[in-house]
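Letters go in sequence order (proteins before strands), and every chain restarts at 1.
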Protein chains: 2
Amino acid sequence: MDDDHSILQKPLSQLIADQLKKKIWNKEIEFGERLLESDLAESFDVSRSTIREALKILEIEELVISKARKGTYVATFTEKDLDEIIELRTLIETTAFSKALPKIEACHFNALEKITKEMKIKAQAQDWKALFDLDVQFHRYVVDLCDNSRIIKIYDSLQVQIRTFLMHLDQYYSSFHSFYEEHQALLEALKTKDSSVVKEKVKNHIVYVEEKILGRKEVEDDKVIPNQK
Amino acid sequence: MDDDHSILQKPLSQLIADQLKKKIWNKEIEFGERLLESDLAESFDVSRSTIREALKILEIEELVISKARKGTYVATFTEKDLDEIIELRTLIETTAFSKALPKIEACHFNALEKITKEMKIKAQAQDWKALFDLDVQFHRYVVDLCDNSRIIKIYDSLQVQIRTFLMHLDQYYSSFHSFYEEHQALLEALKTKDSSVVKEKVKNHIVYVEEKILGRKEVEDDKVIPNQK
DNA sequence: TGTTTGTCGATTGTCGACAATGATTACCCT
DNA sequence: AGGGTAATCATTGTCGACAATCGACAAACA
């Protein structure tokens with residue numbers, strides 16, 4: 001439907017990769033599904049080489065995995081994957097926030113407050129998608145101040161994976177208002193300029209997201225989460 | 001070694017990628033050098049498509065960076081990059097070690113002790129290359145127990161980058177014996193099974209490596225080992 | 001009947017050629 | 001002569017075809 005035969009400034013393979021990503025996010029392509037190069041080439045009306053490059057891009061983003069001579073498949077997310085992602089995100093984000101702390105100026109607080117206020121509006125409008133975008137924006141804004149490109153890159157990679165996972169959930173378990181309050185609290189924590197306070201709040205926030213958004217209860221030693229449909 | 005007209009079980013592009021990696025490590029290709037697809041294709045006697053795939057593989061490993069329509073270049077390592085890598089390595093490795101702690105059994109300690117003893121031997125033989133391999137082996141062995149594939153993957157990626165950097169140093173500034181002692185101490189720390197002790201020691205160890213191996217601080221009684229080749 | 005082996009189709013890997021784009025040079029106009 | 005513009009050249013992006021390999025099915029053998 002979206003014809004991209006307009007002026008292409010970006011490589012075609014990149015556009016294809018983006019479209020494929022959207023298709024995965026829109027559940028037009030399921031987890032674990034095999035991505036057949038020839039079929040994709042036909043459906044996108046490009047050559048297989050281009051598809052190949054697009055798949056390599058998605059592989060870098062860890063959205064697909066390809067095994068030699070066995071094809072490439074959309075990455076699957078098990079409970080274990082989710083645990084890993086959350087653990088890593090906690091580690092990376094507490095560090096990034098802590099590192100960003102001394103660099104935060106008034107202007108940054110203003111930007112963050114603007115985002116938070118926008119959240120309040122979208123929460124009242126019950127616009128989940130907008131809220132999610134604002135969420136990403138908020139966290140990414142702070143992480144970006146941490147001055148370590150590798151940490152930022154890892155965060156982005158995690159964000160893509162989280163988004164992919166969220167998009168595949170049938171329903172979200174969060175209340176709109178508490179979502180806004182959470183980020184308000186996060187902002188307040190940042191304003192204390194106290195590293196340990198911030199770290200604690202970030203950790204707390206991620207646990208909150210885990211429990212509320214994903215509908216998980218307390219994390220016990222054994223995983224007792226009925227996730228299968 | 002060089003002629004790959006034997007039975008290839010792996011994709012040609014992967015072999016090329018490996019060879020390119022070696023070339024970078026052997027300083028046959030310098031940092032920041034442009035990798036011209038047509039030249040590489042000719043020198044490896046394969047098609048440009050294959051070279052392209054190989055470069056994409058190296059891009060995933062972050063050994064090269066490619067800008068659209070501007071070519072791909074060998075990644076450069078500035079002081080800032082080194083700082084970033086060390087910071088990230090400290091974060092990842094303290095976490096991984098700490099997570100691995102409860103999973104370490106007697107058999108693991110045996111394996112680690114074996115590695116450490118081997119280090120002592122190689123230290124006496126002043127075999128730097130073997131020592132370096134044992135070093136990687138030691139750390140990777142523990143990290144592997146942390147039960148988070150994403151953390152392991154990040155660690156591997158860092159290791160590749162560190163190796164790339166080290167290979168380009170003209171000389172090392174470490175004493176062989178202290179190198180062995182460091183890992184012995186690391187092993188002792190692990191045996192305490194105390195998370196904070198381990199984290200502290202790992203942090204300390206990485207700083208040690210930074211200062212000694214990379215010569216960021218002057219070291220009094222150590223030899224300077226020329227980096228052959 | 002169960003196992004091995006050979007053949008075939010499907011799919012990925014590799015190739016060389018063409019197209020699009022960026023950089024460089026040569027040229028023209030004032 | 002200088003600055004801007006058009007021709008050119010080098011290099012990456014894309015293409016369609018061929019080759020190598022894998023998986024499945026069928027045939028031969030015990």
query = Roughly, in whole Å, what's the span from CZ in Arg69(B) to C1' in dT24(C)?
reply = 19 Å
query = In whole angstroms, how far is the P atom of dT12(D) from the CG atom of Asp39(B)?
reply = 9 Å
request  = Provide, to the nearest angstrom, the distance between the CD atom belonging to Glu42(B) and the P atom belonging to dA17(C).
outcome  = 14 Å
inquiry  = I'd like to know if the side chain of Thr94(B) and the backbone of Thr90(B) have a donor-acceptor N/O pair within less than 3.5 Å.
reply    = yes
query = With no hydrogens and no angle check, is any side-chain donor or acceptor of His168(A) less than 3.5 Å from a backbone partner on Phe165(A)?
reply = no
note = In whole angstroms, the gap separating P of dG22(C) from CG of Leu36(B) amounts to 17 Å
key: Residue of the set Arg163(A), Lys56(A), Lys21(A) for which salt bridge (Lys or Arg N to Asp or Glu O under 4.0 Å) holds with Glu61(A)   = Lys21(A)
Phosphate OP1/OP2 of dT12(C) contacted by Arg34(A) side-chain N/O (<4.0 Å) = yes
query = Checking Ser157(A) side chain against Lys153(A) main chain: does a donor-acceptor pair fall under 3.5 Å?
reply = no
message = Tell me whether Arg140(B) is salt-bridged to Asp144(B), with the criterion being a basic N under 4.0 Å from an acidic carboxylate O.
response = yes
ask   = Are the side chain of Asn148(B) and the backbone N or O of Arg150(B) linked by a donor-acceptor pair below 3.5 Å?
value = yes
key: Sidechain N-carboxylate O distance under 4.0 Å for Glu87(A), Lys99(B)   = yes
ask   = Whole Å only: how far is the CG atom of Leu35(B) from the C1' atom of dT12(D)?
value = 14 Å
ask   = dT14(D) phosphate, OP1 or OP2: any side-chain N/O from Ser13(A) under 4.0 angstrom?
value = yes
remark   = Those residues at least two apart in sequence (or on a different chain) that pass side chain to side chain donor-acceptor pair (under 3.5 Å) with Lys122(B) are none
key: Residues touching DNA chain D, which here means a heavy atom under 4.0 Å, drawn from residues 55-67 of chain A   = none
message = Please give me every residue in residues 46-54 of chain B whose heavy atoms get under 4.0 Å of an atom in DNA chain D, ordered by residue number.
response = Arg48(B), Arg52(B)
query = Between His183(A) and Phe179(A), is there a donor-acceptor pair closer than 3.5 Å when you use the side chain of the first and the backbone of the second?
reply = yes
query = Can you tell me how far C1' of dC15(C) sits from CD of Glu37(B), to the nearest Å?
reply = 14 Å
task = Select from Lys70(A) and Gln14(A) the residue whose nearest nucleotide in DNA chain D is closer to the 5' end of that strand.
result = Gln14(A)
request  = Figure out the CZ/P separation between Phe44(B) and dC15(C), and round it to whole Å.
outcome  = 13 Å
